[in-house]
> 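Supplied in structure tokens, the structure appears directly below.
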Protein chains: 2
Amino acid sequence: MASRTIENYLKQLWLEQQDTRGKYVPMGKLAALVGVTAGTATTMVKAIADSGLAKYAPRAGVRLTKAGEQLALHVLRRHRLLELFLVEVLGIDWSDAHGEAEELEHVISETVLARIDSLLGHPSVDPHGDPIPSSAGKFETLELCSLAELNTGNATVIERIVDQSSEFLRFAQSSGLVPRAQVVIEHTNPQAGAISARPAGKEPVMLSMVAAAKFLVRPCNARRGKRRNRRPVPPVSP
Amino acid sequence: MASRTIENYLKQLWLEQQDTRGKYVPMGKLAALVGVTAGTATTMVKAIADSGLAKYAPRAGVRLTKAGEQLALHVLRRHRLLELFLVEVLGIDWSDAHGEAEELEHVISETVLARIDSLLGHPSVDPHGDPIPSSAGKFETLELCSLAELNTGNATVIERIVDQSSEFLRFAQSSGLVPRAQVVIEHTNPQAGAISARPAGKEPVMLSMVAAAKFLVRPCNARRGKRRNRRPVPPVSP
DNA sequence: TTATTTATTTTGATTACTCAAAGTACATGG
DNA sequence: CCATGTACTTTGAGTAATCAAAATAAATAA
Ligand SMILES: [Mn+2]
Ligand SMILES: [Mn+2]
Ligand SMILES: [Mn+2]
Ligand SMILES: [Mn+2]
């Protein structure tokens, strides 16, 4: 069994290598994500590679093997099911669930996880709209675009929020910008780099393009003029 | 914050020193309970003593200080609330709950614990009938006697079971000898060192005195003739 | 191309926990 | 009062994870 330290490395690696088909994750990046020095990451990655869970290319970076991906997906499944459980069953605040799950994901047994899963009705997304991998390690992502890509007058439903920081989540919740909320784009101002979005039954909210890009929505009908190459897979978060 | 290793030492120490007012717990005993060699226990206990959580007397043993007791009681509270939660909310098997809680007790946050506590309605005993310390670290024990101390014809209610091993718990459950179950003593045979107990609506069960002593009951009216000094506090289990 | 900056790796040390085995204290029983 | 066995402590060594700082490689700028 992988230690909790290694589980964390694997999960961060998976999240990071998701969008970069085939590219290696640089050591510095991984170190920052896990929260250790680069030297520590190098040492750990070599150990992980020795156990067959990753491929390590000195001075280039690291990438999970199939085995490593499977293990990472199981950790991710535990994490996201736990997040949903904490929010839905225990009433833990949305913005705190992530931190709690970060610890629990390493100690929960398969038995308990299975009970949680069935208690929640085998859900497919966590409280942030992030997809939950199946127990077989299968993982599906919807094609979504973000609030930043919509024009004035468009109406959509928020499906997913790709920022786990409690501050941002608290802001999102207090504005009414939560998964499953209907939203209308009131104004777009490309010059100012900002838009105004109004969640159904709430006050309009000003969002910078950076902030707007964190809200993934559906349907994604009307595209802004300049867009040509839609991003293939949205950035993924724990 | 105490590491999970130290939390385990503290909890075992507390359970062990409960009934022995003032006596020191010998190193060998503690080592066996925690599952390490005697040398390891000695080293750890010296560290624990240095941090003020226990008093260590070489060649005599170790005893928790007030501070150590408080910490131990918080771990015990987490353990027992989790056991009840696993059984009541998640439907985990009675006999598995202990092992699961043994891990979870070290990672659950105060916030999550408080939610669990209120979800369960601030319970006072865990699934084995063991009392749950209050969040302030207060701890109450009922005066109970055991099935082994009753005479033929006596009827009582099982309040508590003082053996956490899954095998014993599975046996107890399948026999109907669970907390809150009504039981009648059908026969006592001091010569054979065995009794026969019949749970309401179930078949009678043969129990050795050792096994019978693991079921604590109430009311405790009729005492066997030979008993004079009733045990002050019953043995405690995690 | 050479020099400088930046990213990465290596080295040496530290902390927490553990065991095996050697050494020491002590109760006990002759 | 010595001899011995048992319980306990000490010692030496190992594993997992970490950091700070020195060494190295690669990318970039001059
Ligand atoms: Mn984690
Ligand atoms: Mn999430
Ligand atoms: Mn434990
Ligand atoms: Mn218990």
Side-chain angles (χ1 to χ4, degrees), chain A residues 1-14 16-17 20 22-64 67-68 71-72 75 102-107, chain B residues 1-13 16-17 20 22-64 67-68 71-72 75 102-103 105-107:
Chain A
M1 285 296 108
S3 68
R4 83 194 46 205
T5 303
I6 288 181
E7 287 189 343
N8 280 332
Y9 279 79
L10 295 178
K11 196 182 65 176
Q12 295 302 343
L13 265 175
W14 190 91
E16 192 57 25
Q17 77 177 34
T20 75
K23 270 217 305 218
Y24 280 68
V25 177
M27 282 326 209
K29 194 71 205 287
L30 175 60
L33 288 168
V34 175
V36 296
T37 64
T40 302
T42 302
T43 316
M44 283 305 298
V45 159
K46 286 205 276 194
I48 290 170
D50 283 347
S51 72
L53 297 171
K55 211 165 58 166
Y56 166 58
R59 310 255 163 203
V62 56
R63 226 187 137 75
L64 294 175
L71 233 168
V75 181
E102 200 58 50
E103 287 294 308
L104 288 165
E105 64 188 356
H106 308 293
V107 302
Chain B
M1 286 295 109
S3 68
R4 85 193 46 206
T5 303
I6 288 182
E7 286 189 343
N8 281 332
Y9 278 79
L10 296 178
K11 196 182 64 177
Q12 295 302 345
L13 266 175
E16 192 56 26
Q17 75 177 34
T20 74
K23 269 216 305 218
Y24 280 69
V25 176
M27 281 325 203
K29 195 71 204 291
L30 175 61
L33 289 168
V34 174
V36 295
T37 64
T40 303
T42 302
T43 314
M44 282 306 299
V45 159
K46 287 205 277 193
I48 290 169
D50 282 347
S51 71
L53 297 171
K55 213 163 57 167
Y56 166 58
R59 309 260 163 199
V62 55
R63 226 187 136 76
L64 293 175
L71 233 168
V75 181
E102 200 58 50
E103 286 294 309
E105 65 188 354
H106 308 293
V107 301

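Note on naming: letters A, B, ... go to the chains in the order of the sequence lines (proteins, then strands), and numbering restarts at 1 for each one. These figures come from a predicted structure and were not determined experimentally.
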> Identify the residue among A:E16, A:Q12, A:M44 that makes a side-chain contact (heavy atoms from CB on, under 4.5 Å) with A:L30.
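It is A:Q12; the other options fail the test.
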> Check whether any side-chain N or O of A:T40 sits under 4.0 Å from OP1 or OP2 of D:dA17, and answer yes or no.
no
> Check the distance between C:dT15's C1' and B:R4's CZ and give it to me in whole angstrom.
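My rounded result for the distance is 16 Å.
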> When you measure from the side-chain N and O atoms of A:Y56 to the phosphate of C:dT9, is any distance below 4.0 Å, counting only OP1 and OP2?
yes
> Do B:T40 and B:T43 have a side chain donor and acceptor closer than 3.5 Å?
no
> Does a side-chain N or O of A:Y24 approach OP1 or OP2 of C:dA7 to a distance below 4.0 Å, or not?
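Checking A:Y24 against C:dA7: no side-chain N or O falls below 4.0 Å of OP1 or OP2.
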> If you assign each of A:V36 and A:R59 to its closest nucleotide in DNA chain D, which residue comes earlier from the 5' end?
A:V36
> Measure from the side-chain N and O atoms of B:Q17 to the backbone N and O of B:L64, and report whether any donor-acceptor pair falls under 3.5 Å.
yes
> Hey, does the side chain of A:S3 come within less than 4.0 Å of D:dA16's phosphate (OP1/OP2), counting only N and O?
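No, because none of the side-chain N or O atoms of A:S3 sits under 4.0 Å from OP1 or OP2 of D:dA16.
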> What nucleotide, of C:dC17, C:dT10, D:dT9, holds the atom closest to the side chain of A:T42?
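Closest nucleotide among those given: C:dT10.
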> May I ask you to list the residues of residues 26-35 of chain A, by number, that have any heavy atom positioned under 4.0 Å from an atom of DNA chain C?
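Those residues are A:P26, A:M27, A:G28.
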> Ignoring hydrogens, what is the shortest heavy-atom contact between A:Y24 and A:A57? Give both atom names and the distance.
CE2-CB, 4.0 Å
> Using side-chain contact (heavy atoms from CB on, under 4.5 Å), reason through A:R63 and A:V25 one step at a time and then give a plain yes or no.
CA-CA 6 Å; A:R63 226 187 137 75; A:V25 177; 5.7 Å; no
> Between B:E102 and B:K11, does at least one N-O distance fall below 4.0 Å, as a salt bridge requires?
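A salt bridge is present here (some side-chain N lies under 4.0 Å from a carboxylate O).
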> Give the nucleotide from the list D:dT18, D:dA17, C:dT18 with an atom nearest to the side chain of A:T43.
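So the nucleotide nearest the side chain must be D:dT18.
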> Identify which one of A:L53, A:L33, A:V62, A:V36 satisfies the side-chain contact (heavy atoms from CB on, under 4.5 Å) criterion when paired with A:Y9.
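The residue from A:L53, A:L33, A:V62, A:V36 that satisfies side-chain contact (heavy atoms from CB on, under 4.5 Å) with A:Y9 turns out to be A:V36.
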> In whole angstrom, give the distance that lies between atom CE of A:M44 and atom P of D:dT15.
15 Å
> Can a side chain N or O of B:K46 be found less than 4.0 Å away from OP1 or OP2 on D:dT10?
yes
> Go through D:dT9, D:dT10, C:dT18 for me and flag the one nearest to the B:Y9 side chain.
C:dT18
> Quick check on C:dC17: is either OP1 or OP2 less than 4.0 Å from any side-chain nitrogen or oxygen of B:T5?
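Yes, within the criterion.
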> Taking atom C1' of C:dT15 as reference, at what distance in whole Å does atom CD1 of B:I6 sit?
12 Å
